[in-house]
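Everything below concerns the one structure shown next.
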Amino acid sequence: MTALHKTCIAALLLSAIAPLTHAAELDLSDCDVLTGGKAATTYKSWLQTNGREADGGDREAIRNRAAVAGNVLACHEEKLTGDSGWAVIETTSSGKNAGDTQSKLPPGIANIEKHAAAFKSLKDAVRYSHQAGAFDPGYRSISAQTVARYASALPELLEQGYEDAAGAYEFDCVLKRAFGKRVTAVSCTIDRTTRAQLLPLVAPARRQALDAQGRAWAEKVPAKGA
């Protein structure tokens, strides 16, 4: 039997709650804060300030908004499913496929459309991670992963998700470009899996153009740290 080594991967490559602390010690990875149960006034003020900065084009604020949106979704997932959103990388250690890797993401919230707050958080998570993904490969990958996990609830975003996955795949797996502290081999495993999940959901006639757009993004995005 083939043995599998499993490694949990968190933070900005995946949909797990990302550690994020405001300068005023507002813990933006605390679900009690993110769902309004604690420090509500301070949190609301931070959202407004960071939102204005993000709308003005500040990249750190755009990343922060995306991270918080992903955290909010993860909080809803943990509440409704008991799973906090960790992903797993499986590596085959023996047999003819030794060394092969694949990523497995938790299934998410079933029928998320029936849960208004969770569904809104899903749309926010995709919207803001896609925005940050314009200049940050980690968030581009997150955007694609989120669409892949909730494909049935987001039919209008399948092409966007596929293009994001194609771009991340080209960046990490084909061009093998470095960005900040991301581990390219791990990122590539996730990107390959995500792209494979979305591929049959997009019309073949559209995939060629989306692949080309993803490649163009991967070639031009600056490869520097966050």
Side-chain angles (χ1 to χ4, degrees), residues 9-16 18 54 59 62-74 85 87 89 102-108 112 119 121-180 182-224 226:
I9 309 295
L12 299 184
L13 291 178
L14 305 170
S15 58
R59 290 192 171 187
I62 291 171
R63 287 189 179 97
N64 285 341
R65 183 160 63 180
V68 168
N71 286 355
V72 172
L73 174 60
I89 299 293
Q102 62 178 327
S103 65
K104 290 187 176 182
L105 290 169
I112 193 170
F119 193 38
S121 75
L122 169 62
K123 291 185 174 181
D124 285 346
V126 174
R127 174 186 177 188
Y128 294 131
S129 59
H130 176 71
Q131 181 186 28
F135 55 84
D136 188 314
Y139 282 107
R140 192 176 185 94
S141 181
I142 289 173
S143 176
Q145 291 170 52
T146 308
V147 173
R149 293 176 64 214
Y150 288 101
S152 63
L154 301 169
E156 73 282 6
L157 295 178
L158 292 178
E159 288 194 3
Q160 173 187 293
Y162 180 84
E163 182 182 342
D164 283 348
Y169 173 82
E170 291 287 336
F171 189 95
D172 291 317
C173 302
V174 180
L175 300 176
K176 302 183 187 303
R177 299 182 66 191
F179 190 94
R182 298 172 74 245
V183 180
T184 302
V186 173
S187 302
C188 174
T189 297
I190 296 166
D191 299 336
R192 185 188 303 114
T193 301
T194 305
R195 182 173 177 271
Q197 290 172 331
L198 288 168
L199 189 146
L201 305 179
V202 176
R206 288 290 300 145
R207 289 202 298 262
Q208 184 175 358
L210 296 172
D211 282 332
Q213 291 167 17
R215 173 74 181 209
W217 171 85
E219 291 176 338
K220 73 179 182 181
V221 65
K224 59 183 180 180

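Source: prediction; values computed, not measured.
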Q) When you check the gap from the basic side-chain N to the acidic O, do Asp211 and Arg195 get nearer than 4.0 Å? A) yes
Note: Ala178 and Thr184 closest approach over all heavy atoms is CA-OG1, 4.4 Å
One should read off an interatomic distance between Gln160 CD and Gln213 CD, to the nearest 0.5 angstrom, of 11.5 Å
Of all heavy-atom pairs linking Ala218 and Gly167, the shortest is CB-O, 3.6 Å
In terms of heavy-atom contacts, Gly161 and Ala144 come closest through O-CB, 3.5 Å
The reported gap from NZ in Lys123 to CD in Glu156 (rounded to nearest 0.5 angstrom) is 6.0 Å
Closer than 3.5 angstrom, by distance alone: can the side chain of Arg207 be matched with the main-chain N or O of Val202 as a donor-acceptor pair?
yes
Closest non-hydrogen contact found for Val147 with Leu198 is CG1-CD2, 4.1 Å
So CZ of Arg149 and CG of Leu122: to nearest 0.5 Å the spacing works out to 9.0 Å
- prompt: Tell me, do Asp124 and Val72 make a side-chain contact under 4.5 Å, heavy atoms counted?
  reply: no
Original post:
Taking the six-membered ring for Trp, are Phe171 and Trp217 parallel (under 30°), tilted (30 to 60°) or perpendicular (over 60°)?
Top reply: tilted
Just by distance, do the side chain of Tyr139 and the backbone of Arg63 share a donor-acceptor pair under 3.5 Å? yes
Note to self: Quick one, Phe179 and Asp172 - any side-chain contact, counting heavy atoms below 4.5 Å?
What the structure shows: no
(message) Are the side chains of Val221 and Arg140 in contact, using a 4.5 Å heavy-atom criterion?
(response) no
Candidate pair Val126 and Tyr150, rule side-chain contact (heavy atoms from CB on, under 4.5 Å), full reasoning: CA-CA 10 Å; Val126 174; Tyr150 288 101; over 6 Å; no
Under 3.5 Å: donor-acceptor pair, side chain of Arg215, backbone of Glu170:
no
For Leu201 and Leu158 the tightest heavy-atom approach is O-CD1, 3.8 Å
Test side-chain contact (heavy atoms from CB on, under 4.5 Å) applied to Ile142 and Thr146, step by step:
CA-CA 6 Å; Ile142 289 173; Thr146 308; 4.0 Å; yes
Interatomic distance, OH@Tyr169 vs OG1@Thr193, rounded to 0.5 Å, equals 11.0 Å
Smallest heavy-atom separation, Arg177 atom then Glu219 atom, equals NH1-O, 3.4 Å
Between the CG atom in Asp136 and the OG atom in Ser143, the distance rounded to the nearest 0.5 Å is 11.5 Å
key: Trace of the side-chain contact (heavy atoms from CB on, under 4.5 Å) decision for Lys176 with Cys188   = CA-CA 8 Å; Lys176 302 183 187 303; Cys188 174; 5.6 Å; no
